[in-house]
Amino acid sequence: MRPRLLTRMFVHGALIAACLVTVFPVLWVLQMAFTDQGIGGALAWEPGSWSLGNFRTLFGLTDGEGHLLFWRQLGNSLLVSLLSAILGVFFACTAAYAFSRFDFVGKKTGLRMFLVSQMFPGVVMAVPLYLILQGLGLVDNPLGLVLVYGTSAVPFSAWMLKGYFDRIPPELEEVARLEGAGPWLVFRRIALPIAMPGVAVTFLFSFMTAWNEYILAATFLNSELSYTLPVTLQSFVGAHSTEWGLFAAGSLIVSIPVVLLFFLLQRNLVQGLTAGSTKG
Amino acid sequence: MARRGVAHEGAVPRGRRKDPGEGFPHGRKEGVNPSPTSGVGVLREAGTGIPRAASPRDRREGVDPSPTSVRSNVGAGFTPARRSQGTGASARATPARRLTSRAPLRAFLLLFLTLGAGAGEVTLWHSYTGAERAVLEETIARAAGDSLTVRTLFVPFDVLPEKLRTTIPYGQGPDLFIFAHDRLGEWRTAGLLQPLEAPPTPALDPKLAGAFEADGARFGLPLTFKGLFLWVNTALCPAVPTTLEELRGLRATLPAGVFPLAYDSSSFFFHAPFFFACGGALFDGDRIAVFDPAGQESFALVKELQDGGIIPRESNTAEVGTLFNTGKAALVLSGPWFGSTISGELTTWDVAPLFSIGGRPAGSFLSVEGLFLSAQAPDPAAARSLAWALLDPELVALRSARAHQPSPLRDRPPARGIGAVQAGALATGQVTPSRPEMGVVWEVSNGFLRELLGQDRALEPAVAAARQRIHILSQPPPDEADAGPWLLVASVLLLGVVFYALSRLRDRKLRERLLAGRTAYTFSAPAVLAMVLLVFAPFLLGSLVAFFAHTDGEFRFVGLANFTSILFSGDYALDDPLNFYFTLGVTVLWTVTNVFLHVVLGVALALLLRPAWLRLRSVYRVALILPWAIPSYITALTWKSMFNRQYGAINGLLELLGLDAISWFARFSTAFAANLATNTWLGFPFMMVVTLGALQAVPSEQEDVARLAGASFLQRLRWVIWPHIRPVLAPAVLLGSVWTFNMFNVIYLVSGGEPSASTEILISEAYKWAFRRQHRYGYAAAYALLIFVVLYGYSAVQERLGKRGQA
């Protein structure tokens, strides 16, 4: 059933207007990345002035000993973010399952604590966090970062996944349990596969947390070869002046994997975020 | 003539043009909005507000007449690096420890082997980028020679100071580091430095060397300095004015719309030449004297220049660059870093010394970049020898040739070019004081200038307000309190908790329930353990600081004094941005308006995306999610530049509609709106996606029935769709509110708290206390705890309301 032309025009018009607003600042980033115009000028589309110069400079960055930095740091970023995402998914899934399926002493407190942890202002936490990581021997070690990133996305992800698990009818698991399957097996083989959209979203969030962070990375790591990419991006923002071209080019590259993930996980995102509101 | 030489440089084609930052964007949190990570996001050092640890990326190379004369190693007579060969004790702790964890015995053997070989190793941290970094690495390689291994590490300049504070006390820091001198005071009192004596030769410039002296000892060696001078568009201004009167005279010769002089007039750093020429002094003994009559004279002077059209209204760094590049400004007052801003298309430019005012030379602040020796350096001799070698005249010459870093040595200044003007700036300039009180000077005087020039406030009330602010910000920290009773209370509480837990454990039912929950505990253990260790423990530890006052690297227990002075201080009126309740009000307004807009836009767009007949849906959807996917550290800055007064896209749009351009950051309402627009753009996709999912669950039969019954769209929305969206949105709104409440990024990057810190929210205020105002960590932690209490209260209320709503 197609509605009136007027309605259709209104819907498309409104969507196009909204997209213009969301895309406009991004166009600016694009222009900065492909030209040497910087941030001050107006948007001007002169194809002749576009070049890959910024990207070339970016790819050619080296450290004091002449090692190429860009690809190495891209690799670090990917590795750290993937590991963080996997760890985050593991933490969040197991915890959310426990909070969804079982009744136990401290369940309410635990759930509230997850929410409460979102309220901690980061300003007081950096130094203690450093001390703790040092106690674990994880300073100057990407694994320390993985641990921190993986954990920091847990409260949100667990909240989301719990909603998802809540919607899975318990009878499904009951059958398996009667056949003698242990809780872990039930979780792995039944609950987790059904919750896949939620898991995908958890993965995306944990990944993004790690992918865009630079302050902890620059604080905890002591070698440029182990830095993640956002740290180098920050190096273009100087005390006196900013290398807008390089900054924008780097930001574009940094956003490619995330945009890709968003694109691939679109459907999951929509389902997962709403805690599997499609009834089982 | 100094200028001619540089004009020649102007003809050298430059690779690219870059714009300078607006203000000094630094210290921001990680990027995503809304971020599920606000628990761990860490706010960091911003610095005191002046440019430092510079990174002018001036690509013009081959300027100096003799870059090739530098030999491949340090001069034969000056090889201090070699001396470190014999010192031997340089096997560093870190590699040794790493080895130990693998095979202790072998590691010990190796350790002794390294000790015997005596290979020197020095770690050096710096924040240089571009040409400065390249030449630093080259000079280090030459200075180190074969005997010394130097590991350099770049750390972003907004992270470096806090990284030093964090690492050096625990032996994880560098041996040497390079930074601007003005942190000397606080670093020394925090125990991060050890003395670093000057080399016997070559002789250092006394003014620059003096920047690193404190209490009769020397704590650093100058590498170079940065001061202000004039950049001239010679096409507009063939004869460079040498006095203020000549500058005024320029007004008549220039076409309308072209300003004789442009500079970042909202920053005291750039105002300083006027201030010093009018005889201003920063301190009178221990008192901040910026607003004494001499200083007032300089402020009145620039206001008059602005009113007379000599300088543009309200220009920031980015706009100054655009004005110069488009031929709208004849002169620009800036430092060497401005060179990288000049467009390749503008060839008629030159540099010149500052004009004089009333017969007195206008001197700028001098920011001296130098080498510091860390207190933890295990082999100070090796580090010192590297520092000395870096001051070799040939390497100094190389740095000024390649990266325009003027020499710190007492030698003959270059006759022409940027080097000559910089030497002139050194002669007339004043080394920025490194006293911790400078943080207050920067904050108050920058805010004052914005009020005076941006908001056209009259001089006298603005001065009175600034004095009041100085009074508040320089109040001494609270007195030490007796910790005894507190410890008693704490231990009684702790004992009580332990006893209660033990007594509960004797309850058999509870024990059974605990046992029954075994599986659940196992499942949740990994996440809970990690959360306790990496989220709760750091927060508890960090919060304890709220009961202490931090001065000069020492913590004193002060009980509840920080809280009482935040909550019950009578110092500020309710409408003073420094008042806690004012900031709380702004924060609540900020959160409510943001979340409201996020939800309304998110739901509306989700509904628009919903019709089954809609084509191109996934294209729309991806375009609408973009703000979420692109790192907010760049998009927020893009938004800020769109709100520029002269060239911003938003004002362009207003003018297209026949409206007047707005100074967005001059008034609270518009500055708040700018922040709000940015954060709405960043935040609505989250709510949209949440709603999209919820909409999928609306049974189409129900809707069809409603439609057949003649229900209008709004009625269907209210009675069929809304009941499905509401329960899904409720937790998202709760989380969104918490995130927005602590959304430091946008405030920091877009309005920066302007005007007069009125758009600051609680979290950015806490951040300022921690890093800008003499490191009052205790005060900042108290703010953080109060933020936590407010949010906790809010969530409890919302939970109760939610329950009632469901019942």
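Residue numbering restarts at 1 for every chain, and letters A, B, ... go by the order of the sequence lines. Values in this document were obtained by computation on a predicted structure and should not be read as measured data.
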Q: Got B:Tyr170 and A:Leu131 here, is their nearest side-chain heavy-atom distance under 4.5 Å?
A: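 They are in contact (side-chain heavy atoms under 4.5 Å apart), so the answer is yes.
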Q: Considering all heavy atoms of both residues, which atom of B:Ile634 and which atom of A:Phe247 are nearest to each other, and what is their separation?
A: CD1-CD2, 3.7 Å
Q: Quick one: which of B:Ala527, B:Ala525, B:Ala732, B:Gly335 has the most heavy-atom pairs under 4.5 Å with chain A, could you say?
A: B:Ala527
Q: Checking heavy atoms, do the side chain of B:Ala516, its backbone, both or neither come under 4.5 Å from chain A?
A: neither
Q: Looking at B:Arg165, B:Lys163, B:Gln172, which hits side chain to side chain contact (heavy atoms under 4.5 Å, CB included) with A:Tyr130?
A: B:Gln172
Q: Should the pair A:Phe187 and B:Phe523 be assigned to parallel (<30°), tilted (30 to 60°) or perpendicular (>60°) ring geometry?
A: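 Ring orientation, 0 to 90° scale: perpendicular.
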Q: Check this for me, if you would: do A:Glu224 and B:Arg133 make a salt bridge, where the nitrogen-to-carboxylate-oxygen distance has to be below 4.0 angstrom?
A: yes
Q: So which heavy atom on B:Ala629 is nearest to which on A:Val258, and how close?
A: O-CG1, 3.6 Å
Q: Carefully, step by step, assess A:Trp28 and B:Met642 under the rule side-chain contact (heavy atoms from CB on, under 4.5 Å).
A: CA-CA 10 Å; A:Trp28 216 303; B:Met642 296 205 309; 3.7 Å; yes
Q: Can you tell me how far apart CD1 (A:Ile132) and CG (B:Leu533) are? Round to the nearest 0.5 Å.
A: 5.5 Å
Q: Where does B:Pro538 contact chain A at under 4.5 Å (heavy atoms): side chain, backbone, both or neither?
A: both
Q: Identify which part of B:Arg518 has an atom lying under 4.5 Å from any heavy atom of chain A, answering side chain, backbone, both or neither.
A: neither
Q: Under 4.5 Å between any side-chain heavy atoms of B:Leu534 and A:Tyr149, yes or no?
A: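 Answer no - side chains too far apart.
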Q: Is there a side-chain contact between B:Trp613 and A:Val11, using heavy atoms and a 4.5 Å cut-off?
A: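 In short, these two side chains touch, coming nearer than 4.5 Å.
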Q: I need the B:Glu162 CD to A:Ile215 CD1 distance, nearest 0.5 Å.
A: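 Interatomic distance, B:Glu162 CD to A:Ile215 CD1, rounded to 0.5 Å: 10.5 Å.
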Q: Grab the two heavy atoms, one from B:Leu510 and one from A:Val105, that are nearest each other, plus how far apart they are.
A: CD1-CG2, 4.1 Å
Q: Less than 4.5 Å to any heavy atom of chain A: does that hold for the side chain of B:Val545, its backbone, both, or neither?
A: neither
Q: Select one option (side chain, backbone, both, neither) describing which atoms of B:Leu626 are under 4.5 Å from chain A's heavy atoms.
A: side chain
Q: Using non-hydrogen atoms only, which part of B:Val619 is less than 4.5 Å away from chain A: side chain, backbone, both, or neither?
A: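 The answer is neither part of B:Val619.
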Q: Top residue by heavy-atom pair count (under 4.5 Å) with chain A, among B:Gly517, B:Pro526, B:Ser334?
A: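 Option with the greatest count: B:Pro526.
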Q: Relative to each other, are the rings of A:Phe156 and B:Trp739 parallel, tilted or perpendicular (30° and 60° limits)?
A: tilted
Q: Name the option with the most non-hydrogen atom pairs under 4.5 Å to chain A; the candidates are B:Trp125, B:Tyr792, B:Tyr521, B:Phe539.
A: B:Phe539
Q: Hey, could you give me the NE2/CZ distance between A:His12 and B:Arg615, rounded to the nearest 0.5 Å?
A: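 Rounded to the nearest 0.5 Å, the NE2-CZ separation comes out at 8.0 Å.
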Q: Identify which part of B:Tyr777 has an atom lying under 4.5 Å from any heavy atom of chain A, answering side chain, backbone, both or neither.
A: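 Neither; nothing under 4.5 Å.
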Q: Could you check which of A:Val21, A:Leu261, A:Thr7, A:Leu133 has the highest count of heavy-atom pairs closer than 4.5 Å to chain B?
A: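 Ranked by heavy-atom pairs under 4.5 Å with chain B, first place is A:Val21.
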Q: So, using ring-ring contact (aromatic ring centres under 6.0 Å, His included) as the criterion, who are the partners of A:Phe90 when residues are at least two apart?
A: none
Q: For side-chain contact (heavy atoms from CB on, under 4.5 Å), just list the numbers for B:Thr519 and A:Trp184, CA-CA rounded to whole Å, side-chain angles, deciding distance to a tenth of an Å, and then say yes or no.
A: CA-CA 9 Å; B:Thr519 327; A:Trp184 179 251; over 6 Å; no
Q: Can you tell me which of B:Leu616, B:Thr522, B:Ile625, B:Leu785 forms the most heavy-atom pairs within a distance under 4.5 Å of chain A?
A: B:Ile625
Q: Most heavy-atom pairs under 4.5 angstrom with chain A, which of B:Trp681, B:Phe536, B:Phe788?
A: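 Most heavy-atom pairs within the cutoff with chain A belong to B:Trp681.
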Q: Please classify the contact of B:Leu153 with chain A as side chain, backbone, both or neither, using a heavy-atom distance under 4.5 Å.
A: both
Q: Is there a side-chain contact between A:Phe91 and B:Val528 in this structure, where contact means two heavy atoms from C-beta onward sitting under 4.5 Å apart?
A: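 SC-SC contact between A:Phe91 and B:Val528 ruled out.
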Q: Search all heavy atoms of A:Ser255 against all heavy atoms of B:Pro631 and return the closest pair with its distance.
A: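 Closest approach of A:Ser255 to B:Pro631, heavy atoms only: CB-CD, 3.7 Å.
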Q: By a 4.5 Å heavy-atom criterion (distance strictly below it), what part of B:Thr167 contacts chain A: side chain, backbone, both, or neither?
A: both
Q: What's the verdict on side-chain contact (heavy atoms from CB on, under 4.5 Å) for B:Met531 and A:Val154, showing C-alpha distance, side-chain angles and the deciding distance?
A: CA-CA 8 Å; B:Met531 292 277 297; A:Val154 163; 4.2 Å; yes
Q: To the nearest 0.5 Å, tell me how far A:Leu252 CG sits from B:Ile630 CD1.
A: 6.5 Å
Q: Looking at A:Val116, A:Val231, A:Val259, which has the largest count of heavy-atom pairs under 4.5 Å with chain B?
A: A:Val116
Q: Okay, side chain of A:Thr22, backbone of B:Ala623: is any donor-acceptor separation there less than 3.5 Å?
A: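 Between the backbone of B:Ala623 and the side chain of A:Thr22 there is a qualifying donor-acceptor contact (under 3.5 Å).
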Q: Heavy atoms only, distances under 4.5 angstrom: which of B:Trp639, B:Tyr783, B:Phe154, B:Phe741 has the most pairs with chain A? Name it, please.
A: B:Phe154
Q: Given that the side chain runs from C-beta out, which part of B:Leu734 has a heavy atom under 4.5 Å from chain A: side chain, backbone, both or neither?
A: side chain
Q: Taking it one step at a time, do A:Val254 and B:Tyr633 satisfy side-chain contact (heavy atoms from CB on, under 4.5 Å)?
A: CA-CA 11 Å; A:Val254 162; B:Tyr633 40 74; 4.1 Å; yes
Q: State the OG-CZ distance between B:Ser524 and A:Phe104, to the nearest 0.5 angstrom.
A: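 Answer for the OG-CZ pair, B:Ser524 versus A:Phe104, is 5.0 Å.
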Q: Parallel, tilted or perpendicular: which fits the ring planes of B:Trp628 and A:Phe205, with parallel below 30° and perpendicular above 60°?
A: tilted
Q: What part of B:Leu624 gets within 4.5 angstrom of chain A, counting heavy atoms only: side chain, backbone, both, or neither?
A: both
Q: Heavy atoms only: give me the nearest B:Pro156-A:Ala218 pair and the separation to one decimal.
A: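 Minimum heavy-atom separation between B:Pro156 and A:Ala218: CD-CB, 4.0 Å.
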Q: Check A:Pro128 against B:Gly542 and note the closest heavy-atom contact, atom names and distance.
A: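 Closest approach of A:Pro128 to B:Gly542: CG-N, 3.8 Å.
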Q: Rounded to the nearest 0.5 Å, how far apart are CE of A:Met119 and CG of B:Leu735?
A: 8.5 Å
